**Q** 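First, the structure itself, so that you have it in front of you.
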There are 2 protein chains.
Amino acid sequence: MSDATPKVISEPTLRRLPHYHRYLKSLAEQGRDVVSCPNIGAALGLDPTQVRKDLEATGAVGRPRVGYSIPRLLEAIETVLGWNNVSQAFLAGAGHLGAALLGYRRFAESGLEIVAAFDTDPAKIGRPLHGREVLPLEKLPQLARRMHVMVGILAVPAEAAQAVADLMVEGGIRAIWNFAPVRLRVPETVIVQHEDLHASLAALTQKLASTLQAEVRKGAEHVR
Amino acid sequence: MSDATPKVISEPTLRRLPHYHRYLKSLAEQGRDVVSCPNIGAALGLDPTQVRKDLEATGAVGRPRVGYSIPRLLEAIETVLGWNNVSQAFLAGAGHLGAALLGYRRFAESGLEIVAAFDTDPAKIGRPLHGREVLPLEKLPQLARRMHVMVGILAVPAEAAQAVADLMVEGGIRAIWNFAPVRLRVPETVIVQHEDLHASLAALTQKLASTLQAEVRKGAEHVR
DNA sequence: TAGATTGTTAATCGATTAACAATC
DNA sequence: TAGATTGTTAATCGATTAACAATC
């Protein structure tokens, strides 16, 4: 029998862990050192059982009647999410969005450090952007290999996304954070996290439209 | 009995619709005018049955053996997503991310027009940003009421998010696109679309870490 | 007609929620 | 001890996937 279990954590759980972390941090600052699932659930608007299951996924152990140790919980979450060992990332696309991502320094707290940006626009290449150098896109693969960069951030127009993703794969990048509204074709060994603003916006506007419509219907019914 | 059905479309379906739209657009440009679900599924890497269910949700009707009319499908998707009637939005937070969102003009294609930005920083107020004026945040509620703006985009630091959301609600805003890593407390009548970059990043880094770990284990086993 | 695709109903799968015994 | 909370098992719920009849 092997030592460690594979331990697959579901995407919804993974996405909730940072929220727990943030709340626990605020409690720790207030001097609290234990917390219960019902407590977290009430603060974050989540089902206490769901909170417990999520915490269980981190390997944390609590004490009945008391709760969980906040420092140990924070530690457990950070370990699971890999926030302890920072990994370096390359950013492709130094447009509006790319620049915003470069400028947002707090990703470092989540274990990600953007070390260089790449673009095809000669006007951008060579100039520093938020303290990082902008390099010609074609250099991405060899540099990724040389520096053992594992994470790529894709902030290029939809038309170019697949080609740039191919470059990243060529450079040995193993995880792509994709901001282009395109489903990428990559080898199975490469992880793609899709950050689809267009999809979110579509969901938002549709929900708003259907809500407003329902209200109009209800209003009409009332008049009738 | 009432005329129209409420018709609730699931979030996953809503998020896929823009992808279908994009693909259908490209087919239309190539002069194609019919398309089948297996066809779409193969192109986008989705199960054909899932594609069919999604299209069904838009009210589109196809012909057995032939497929769906591309123009009619495009029309159906645009109608369902509310891309025909553009709605105006206010942006709160003119920092890196806010500026990037302002600069990204293509949201208009998805029925959203950002008409003004708000901030508390005196250095930003009064200056135009990507062609839109930056106004003092405290003016948001009354202006939203006066202009009947229904959508708010929240791109402020986490600490300020709840307070700014409260201002939006006060101004009668009915849908909030939230880029802050915070769960907002809003009345039931207000829709919140959470765009949680921290959560996505957490999921990405965890998956990468656990994949790499699994490979190390496998390698070790091989050596043994 | 033959056969591919639609439309629809059933089965599967995974996540959330509920129930309850164990425990401090 | 009494009772709140953990840990765990079962039930529910919704989305995905499979199966199959209807149809052009």
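Treat the numbers as computed from the prediction; the structure is a model and nothing was measured. Each chain gets a letter, A, B and so on, in the order its sequence line appears, and its residues count up from 1.
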**Q** Answer yes when A:R145 and A:E170 have at least one side-chain N-carboxylate O distance shorter than 4.0 Å, and no when they do not.
**A**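 Salt bridge between A:R145 and A:E170, a charged N being under 4.0 Å from a carboxylate O: no.
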
**Q** Specify the separation, in whole Å, of atom CG of A:D47 and atom P of D:dG14.
**A**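 Result: 15 Å.
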
**Q** What integer distance in Å separates A:L14:CG from C:dG14:P?
**A** 16 Å

**Q** For A:R65 and for A:E56, find the nucleotide of DNA chain D with the closest heavy atom, then tell me which residue's nucleotide is more 5'.
**A** A:R65

**Q** I need the CG-C1' distance between B:N39 and C:dT5, as an integer number of Å.
**A**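 It is 12 Å, rounded to the nearest whole Å.
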
**Q** Under 4.0 Å between a side-chain N/O of B:R52 and OP1 or OP2 of D:dC20, yes or no?
**A** no

**Q** Give A:T49 one of three labels, base, sugar-phosphate or nothing, depending on what nucleic acid heavy atoms sit under 4.0 Å from its own.
**A**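 Base, at least one base heavy atom under 4.0 Å.
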
**Q** Just compare C:dT6, D:dT16, C:dC24 and give me whichever is closest to any side-chain atom of A:P64.
**A**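 Nearest listed nucleotide: C:dC24.
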
**Q** Distance check needed: D:dT16 C1' versus B:D54 CG, whole Å only.
**A** 10 Å

**Q** Without decimals, in angstroms, what is the distance between A:L55 CG and D:dG7 P?
**A**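 Taking atom P of D:dG7 as the reference, CG of A:L55 is at 9 Å.
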
**Q** Is there a side-chain polar atom (N or O) of B:Y68 under 4.0 Å from OP1 or OP2 of D:dC24?
**A**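 No, B:Y68 has no side-chain N/O under 4.0 Å of OP1/OP2 on D:dC24.
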
**Q** I'd like to know if the side chain of B:Q193 reaches the main chain of B:A175, judged simply by a donor and an acceptor atom lying under 3.5 Å from each other, with no hydrogens or angles considered.
**A** no

**Q** Is it true that, when you exclude A:R15 itself, more than 12 heavy atoms of the residues, nucleotides or ligands shown sit nearer than 6.0 Å to its CZ?
**A**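 It does: A:R15 CZ has more than 12 such atoms within range.
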
**Q** Could you state the CZ-C1' distance from B:R63 to C:dG3, rounded to the nearest angstrom?
**A** 16 Å

**Q** Just the rounded figure in Å: distance from P of C:dT16 to CD1 of A:I9.
**A** 13 Å

**Q** Applying a 4.0 Å non-hydrogen cut-off, can you work out what A:P48 is touching in the nucleic acid: base, sugar-phosphate, or nothing?
**A**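 It contacts nothing in the nucleic acid.
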
**Q** Report the base-pairing partner of C:dA11 (Watson-Crick or G-U wobble, both distances below 3.5 angstrom), or none.
**A**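 Across any shown strand, C:dA11 pairs with D:dT16.
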
**Q** Expressed in angstrom and rounded to an integer, what is the separation of A:K53 atom NZ from D:dA10 atom P?
**A** 11 Å

**Q** If you find the nucleotide of DNA chain D closest to B:Q50 and the one closest to A:A60, which residue's nucleotide is nearer the 5' end?
**A**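 The residue mapped nearer the 5' terminus is A:A60.
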
**Q** With a 3.5 Å limit on both atom pairs, tell me what D:dA21 is paired to, counting Watson-Crick and G-U wobble, or say none.
**A**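 Its partner is C:dT6.
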
**Q** Look up atom NZ in B:K25 and atom CD1 in B:I77, then write down how far apart they are to the nearest 0.5 Å.
**A**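 That separation rounds to 11.0 Å.
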
**Q** Angle class for the A:H21/A:W83 ring planes (parallel below 30°, perpendicular above 60°, tilted otherwise)?
**A**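 Ring orientation, 0 to 90° scale: perpendicular.
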
